[in-house]
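Values in this document were obtained by computation on a predicted structure and should not be read as measured data.
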Amino acid sequence: MKKVLTLDGANLSIDDLKDVLQGNLDIVIEIQDHIKNHILQSRNTVDMIVQKKIPIYGISTGFGKFKEIYIPHQEMVELQKNLIISHASCVGEPLKPNIVLVMMILRLNCLIRGFSGVRMSLIESLQQAINKKLIPKVPCQGSVGASGDLAPLSHLALGLMGIGEIWNDGQYIAAEQALKIHDFEPLEFMEKEGLAMNNGTQMMAAINLETLMRSQYVMNAADLALGLTSYALQTNYHFLKNYTKSDNKSKNIVFSLIGEQWTDQIKTNPKSIQTAFTIHQIVRQSIQENLRILEREINSTSDNPIIDNEQQSAKSGGNFHGEYMGMLADNLCIALQRLCIFSERRQERLVNSEIGDCGLPMFLTSKGGLLNGYMIPQYTSAALVSENKVLSHPSCIDTVPTSANIEDHVSMGAYSARKGLQIIQNAEYIIAIELMCAAQGLEFAKFQLPPKIQSCLKYIRSIIPDVKTQDIFMNQYIELMAKNLRNGNINNLMEELQLL
C-alpha cells in the first residue's frame, strides 16, 4: 500500500520521509486545499510586477553579475529557460533516486508556502512528477551552497523539461522518452519560475535527512554496544555511575540492559568506557539539535527573491544560503566521529588481552595461532576511523568566491552534507563490528548473563556465528550486521527489550 503524504508547507518531518529515505519510492503526495489561495496571491503579485515593467531581480533582470540588465517582457520566459539549461552544470556520480525524490518533495513543500510566485499549474505539475516517480538524474558535485543548491536543482528542473535523463524501471533513460511514457507535459517556466525551481537548499537538506535518520539508529546501536562491551569486559560500573543525570538516555539504556547491580570485582577502567555516558549523551544531543534545525529548514522558504503579497513587491535576501545546512552537517560529522573513536577503542580492549585484566582470550578465539578470531575486524574499524578524521574536517570553514565575486561568500554546505553520508556509512560498520566483538566476548563469560543481554546475544548469534573454534569470512558478516543496523532491525530489538 502506497504511503500518502499531505503537504502544507509547515509541518513536514523526518518521520514523514523515512520510507523514502530508506529507498521505498511508493509515496503519493497530496496538498492541503487551504494553502492554495496564498499561492495564487503570490503569482498575482509577480504578474503585476511584470505588467508594470518594474525591474526586479530574476523576474525582469539577468542573474548574478547581470542583475543590472533589464530583460524585455517578450524575453522573460526565455530568460527562465536559459537559467535552468545553463546552470545544470554538475558533474560526478548521480545522487541516489530516493534522495532526488526527497529533493522534489522538499522543493514542492517550499513552493506551496506561497512566497515564490509560481503558478498553481507548476505546483500541480511537480506534484504529478513526484507521484509518477519521474526522478531526474542529478550529478552530485557542483554545488557551493551559495544560492542554495543552484546547479543540482537546475538538473532536477531540466529533467522535467524533457532534457537530460530520468530514472525509469531501475535505469536512466532519455528524459524526453520518460515523459512520453508517463504522459507528462514537459515543464515550461513563466516569469520567476525557473529561479523558484533552482534557488534553495533541498539537496543539502535531503542528504542531511538521510544522514540524521541513520544517525539515530547508529546512536542507539552504539549505546547497546557500550552495554554489551561493558559487561563482557566486567568494567568498573560504580565509576560509571559518577555521571548519572536522569536525562542521560545512554546511561538509562545501559542500566536497563545490564541492571543496577554490578560486580564489585574491578578489572578494567578505560576512558573509552569510563567517560562513554558523557560522550554518548553529547553526541545524542547533537543529533537531536541538528534534527530540530533541519525540520525547521525543510518547512521554511528557501528562495530568492521572496514575494511579499502585502506590499506587492519582491525582496531579495539570503533565504537560499546553505550555511545552516553546512554547519549542521559538519557538526554532525564531528559528533559521529567521536562516537566511532570511542567504539574502536573499546574494540581494542575486547580483542587485546594484553590490555587490562578482563579474562578474554587474545582476538576472542580459543585456538589463537591456528585461528585469528577478531584480529582483522579491528583493523577495519581503525581504517574507517582514520578515514573519518579527514572527512570530519569542516567544509563550511572555507569559501571560494563565485559569480564574478557577487557570491563572495559561499557555504560549501553541499560537500559537508555529502561527506556526512560517507561518515555515517563508516559509523554503521564500526558499531556493527563492536556488536560482533562484544557478543563474542560474552561467549567466554564465566557468569550468568542478565536476561536482556542473553536476548541480545541470541539475536546476534542468529546473524553471526561463534568464532571460538572456527574462522569465518568476516566481510559478509560485517556487511550483514551493518545492514541489520541500517534497516532498523537493531533498533527494533532494543524497542522489544524496552531499552528505548
Side-chain angles (χ1 to χ4, degrees), residues 12-14 17 21 90 95 99 102-103 106-107 109-110 140-153 198-216 218-219 279-304 306 317-341 387-403 406-427:
L12 188 59
S13 73
I14 190 171
L17 298 167
L21 291 168
C90 287
L95 294 168
I99 289 292
V102 172
M103 288 171 61
L106 297 183
R107 195 64 204 152
N109 196 57
C110 174
C140 68
Q141 295 172 279
S143 173
V144 296
S147 297
D149 296 307
L150 193 64
L153 288 172
N198 74 359
N199 270 225
T201 59
Q202 282 67 41
M203 185 184 85
M204 290 177 273
I207 295 173
N208 285 339
L209 279 168
E210 178 175 341
T211 304
L212 271 170
M213 180 196 70
R214 292 165 66 177
S215 295
Q216 292 173 317
V218 163
M219 184 70 249
I279 303 306
H280 279 217
Q281 184 64 8
I282 291 169
V283 175
R284 186 178 289 277
Q285 288 173 348
S286 178
I287 292 170
Q288 291 171 344
E289 176 63 13
N290 286 336
L291 179 58
R292 184 186 67 81
I293 294 171
L294 183 53
E295 289 190 337
R296 182 176 64 196
E297 177 76 11
I298 65 176
N299 290 292
S300 299
T301 298
S302 176
D303 200 349
N304 190 62
I306 302 301
N319 297 286
F320 52 11
H321 201 270
E323 199 72 29
Y324 261 121
M325 294 296 92
M327 292 189 72
L328 179 156
D330 282 333
N331 175 275
L332 187 59
C333 287
I334 293 169
L336 289 169
Q337 169 63 346
R338 298 307 296 171
L339 201 66
C340 292
I341 289 172
E387 281 188 15
N388 284 355
K389 289 177 185 177
V390 177
L391 292 169
S392 296
H393 180 79
S395 293
C396 68
I397 63 174
D398 187 27
T399 184
V400 179
T402 55
S403 193
I406 292 296
E407 295 176 346
D408 60 344
H409 177 272
V410 303
S411 73
M412 295 299 179
Y415 185 56
S416 300
R418 285 173 43 228
K419 64 190 179 68
L421 273 183
Q422 184 62 57
I423 286 180
I424 192 61
Q425 178 174 288
N426 290 348

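For S286, the side chain to side chain contact (heavy atoms under 4.5 Å, CB included) partners are N290, N331, A335, not counting sequence neighbours. Residues passing the side-chain hydrogen bond (donor to acceptor under 3.5 Å, both in side chains) test with S411: none are found, sequence neighbours excluded. Shown here are the side-chain hydrogen bond (donor to acceptor under 3.5 Å, both in side chains) partners of E297, two or more places apart in sequence or in another chain: T201. Residues forming a side-chain hydrogen bond (donor to acceptor under 3.5 Å, both in side chains) with Q337 (at least two apart in sequence, or on another chain): N388. With sequence neighbours excluded, no residue forms a salt bridge (Lys or Arg N to Asp or Glu O under 4.0 Å) with R338. For the side chain to side chain contact (heavy atoms under 4.5 Å, CB included) test, residues two or more places apart in sequence or in another chain that qualify with Y415 are L391, S395, R418, K419. For the side chain to side chain contact (heavy atoms under 4.5 Å, CB included) test, residues two or more places apart in sequence or in another chain that qualify with E295 are S13, I14, L291. Partners of N299 under the side chain to side chain contact (heavy atoms under 4.5 Å, CB included) rule, at least two apart in sequence or in another chain, are L12, N109. Considering only residues two or more places apart in sequence or on other chains, E387 meets the salt bridge (Lys or Arg N to Asp or Glu O under 4.0 Å) condition with none of them. Residues meeting the side-chain hydrogen bond (donor to acceptor under 3.5 Å, both in side chains) test with S215, sequence neighbours left out: none.
Here D303 contributes atom CG and N199 contributes atom CG; the two are 5.5 Å apart, rounded to the nearest 0.5 Å. Separation of atoms CD (E323) and CE (M412) is listed at 11.0 Å; rounding is to 0.5 Å. Separation of atoms CD (Q202) and SG (C110) is listed at 5.5 Å; rounding is to 0.5 Å. Put simply, CZ on R284 and CD on Q216 are 9.0 Å apart, with the number rounded to the nearest 0.5 Å. The CD atom of Q422 sits 10.5 Å away from the SG atom of C333 when rounded to the nearest 0.5 Å. With values rounded to the nearest 0.5 angstrom, Y324 atom OH is found 12.0 Å from S302 atom OG.
Crowding of M327 atom CE: a count of heavy atoms from other residues, nucleotides or ligands under 6.0 Å not exceeding 12.
When atom types are taken as modelled, the side chain of S143 and the backbone of G145 share a donor-acceptor pair closer than 3.5 angstrom.
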Next item on the list: Would you sort out whether S147 and N304 count as a side-chain contact (heavy atoms from CB on, under 4.5 Å), showing the intermediate values?
Entry: CA-CA 8 Å; S147 297; N304 190 62; over 6 Å; no
Margin query: Before you tell me yes or no, could you show the steps for M203 and L153 under side-chain contact (heavy atoms from CB on, under 4.5 Å), namely the whole-Å CA-CA distance, both residues' side-chain angles and the distance that decides it to 0.1 Å?
Written below: CA-CA 7 Å; M203 185 184 85; L153 288 172; 5.8 Å; no
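Nearest heavy atom pair, residue L95 against residue C140, reads CD2-CB, 3.7 Å. Smallest separation of non-hydrogen atoms from G200 and R107: CA-NH1, 3.7 Å. Across V410 and A146, no two heavy atoms sit closer than the pair CG1-CB, 3.4 Å. Shortest non-hydrogen contact noted between P394 and I334 is CG-CD1, 4.3 Å. Between V102 and A206, the shortest heavy-atom distance links the atoms CG1-CB, 3.7 Å. Between A205 and I298 the shortest heavy-atom distance is CB-CG2, 4.0 Å.
Annotation: side chain of I306 is in contact with side chain of N319 (closest heavy-atom distance under 4.5 Å). Residues L336 and I424 have side chains in contact (heavy-atom distance under 4.5 Å, counting atoms from C-beta outward). Taking 4.5 Å as the limit, some side-chain heavy atom of H280 sits within range of a side-chain heavy atom of L339.
For the side chain to side chain contact (heavy atoms under 4.5 Å, CB included) with M204, the lone residue among L106, D149, L294 that qualifies is D149.
Side-chain contact check for S416 and D330: at least one donor-acceptor pair (N or O, by modelled atom type) lies under 3.5 Å.
Applying the salt bridge (Lys or Arg N to Asp or Glu O under 4.0 Å) definition to pairs two or more places apart or across chains, those involving residues 203-216 are K96-E210, E210-R214, R214-E428.
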